[in-house]
Amino acid sequence: MADEPLVLGIETSCDETGVGIVRGHTLLADAVASSVDEHARFGGVVPEVASRAHLEAMVPTIQRALKEAGVAASDLDGIAVTAGPGLAGALLVGVSAAKAYAYALGKPLYGVNHLASHICVDQLEHGPLPEPTMALLVSGGHSSLLLAPDITSDVRPLGSTIDDAAGEAFDKIARVLNLGFPGGPVIDRIAREGDPDAIAFPRGLTGPRDAPYDFSFSGLKTAVARWIEAKRAAGEEVPVADVSASFQEAVVDVLTRKAVRACKDEGVEHLMIGGGVAANSRLRAMAERRCEDAGITLRVPRPKLCTDNGAMVAALGAEMVARGRAASAWDLSADSSLPVTDPHVPAPAGHDHDDHVHDHGHVHDHDHVHELSRKNLYA
Ligand code: KG4
Ligand code: ZN
């Protein structure tokens, strides 16, 4: 519908420069430039390399998204950007660019939370989010169980990883198996040839006295690495497919078990799974089965919307506009540890954002913001 908010979203929290354009719940463009190849030889994301890559990709990716959506920048109702959590230097590039575009175009700016965006993106695939929705977010940086009664204003953390994130565990085991980086997709593929019950790897934090919704993958990681080392020391061949399948089964078993339990305990009927690891085929299959058994409706966006992208930021920005949430102030800063309980960063009470947006008469102020943005962009 033409009266739904048209929002451009910018995501630069890690190694993807994502620019998405959304009208209400409809995806119009999803342009992503990834620097993953530049990090591969280091076996993980190098923050400084990521920041440089964002700088180079930002303007072309924005132009590509506008072209793909067939809209003019002047038609936008707002610019949304990931304000955190994420890598400080990488976030700064996105926030600076969003400020520059928003100010130059005279549009409101919405600094939003990366995790809430991962949840909200499902509106582009399955329509409005049920309220409440339970969300399992599993990526290279996060493993969290979140209860979201209202994605624009009320997100409650139930549990999270106490050590490695789920994706990080995939990446580390892939490294031990010499499978390259990132590890998730390749383990997913190889595991299809293996037996998930071949090796009984430990299920972390599933004892009766353990925190019911927290996760731990470092014990599993160590157990898998030791098992592989022992095989190698004995001069035996490592059964890569069986190890991959058994490791993956341990991760997926714990994730789905805890997510379903949280839904039951909280009386929530809808579970969404997001983040890069949500692309995992075994996770999707097991979650489907366990949700069906428990009478829970499962929502998992297609893989391209699960990994980091700009569409998810635009989706949450559009929801902020639709619900009349306050825009962010021009001094919005990137916050590498933005709490998950803050779906967005509104301007402080009493701050009149609109005055600033339309106040292009003040040439001095205008230049000042552009100067700041330019400094941030090229520092
Ligand atoms: O959400 P994302 O793109 O970036 C972060 O915010 O971290 O997630 C990337 C993570 C990586 O650790 C990658 O190995 C993992 O998601 N991943 C997968 C799969 N595809 C990506 N893990 C398991 N199975 C997959 N198919
Ligand atoms: Zn992410």
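Counting starts at 1 for both ligands and their atoms, following the listed order.
Distances from the Zn ion (ligand 2) show that H114 has an N/O/S atom below 2.8 Å. At least one N, O or S atom of H118 sits under 2.8 Å from the Zn ion (ligand 2).
For atom 9 (C) of ligand 1, the closest non-hydrogen atom on the protein side is G140 N, 3.8 Å. Nearest protein heavy-atom neighbour of atom 22 (N) of ligand 1: G184 CA, 3.2 Å. From the protein, the heavy atom lying nearest to atom 12 (O) of ligand 1 is D171 OD2, 2.8 Å.
By the 3.5 Å distance cut-off applied to N or O atoms, D308 is counted among the residues near ligand 1. Checking only distances, F170 never comes within under 3.5 Å of ligand 1, N or O to N or O. The shortest N/O to N/O separation between G167 and ligand 1 falls below 3.5 Å. For a threshold of 3.5 Å applied to N or O pairs, the pair formed by T307 and ligand 1 contains no separation below that value.
Within the 4.5 Å cutoff, the side chain of V240 has heavy atoms near those of the L179 side chain. At a threshold of 4.5 Å between non-hydrogen side-chain atoms, the residues R203 and R257 count as touching.
Of all the heavy atoms of N280, the ones lying under 4.0 Å from any atom of ligand 1 are found in both the backbone and the side chain.
The closest approach between a heavy atom of G141 and any atom of ligand 1 is below 4.0 Å.
Summarising the local packing, CD of E68 is surrounded by more than 12 heavy atoms from other residues, nucleotides or ligands at distances under 6.0 Å. Remark: E236 CD is packed, more than 12 non-hydrogen atoms of other residues, nucleotides or ligands lying under 6.0 Å away.
No salt bridge links E56 with R52; every basic N to acidic carboxylate O contact stays at or beyond 4.0 Å. A salt bridge does not link R284 to E288: none of the charged side-chain nitrogens sits closer than 4.0 Å to a carboxylate oxygen.
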**OP:** May I have the step-by-step check of side chain to side chain donor-acceptor pair (under 3.5 Å) for S13 and E11, ending in yes or no?
**Re:** CA-CA 6 Å; S13 69; E11 154 63 35; 2.6 Å; yes
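For ligand 1, the atoms closer than 4.0 angstrom to any heavy atom of G183 are 14 (O).
Aromatic rings of F181 and F42 (six-membered ring for Trp) have centroids beyond the 6.0 Å cut-off, not under it.
The name of the N, O or S atom in D308 nearest to the Zn ion (ligand 2) is OD1.
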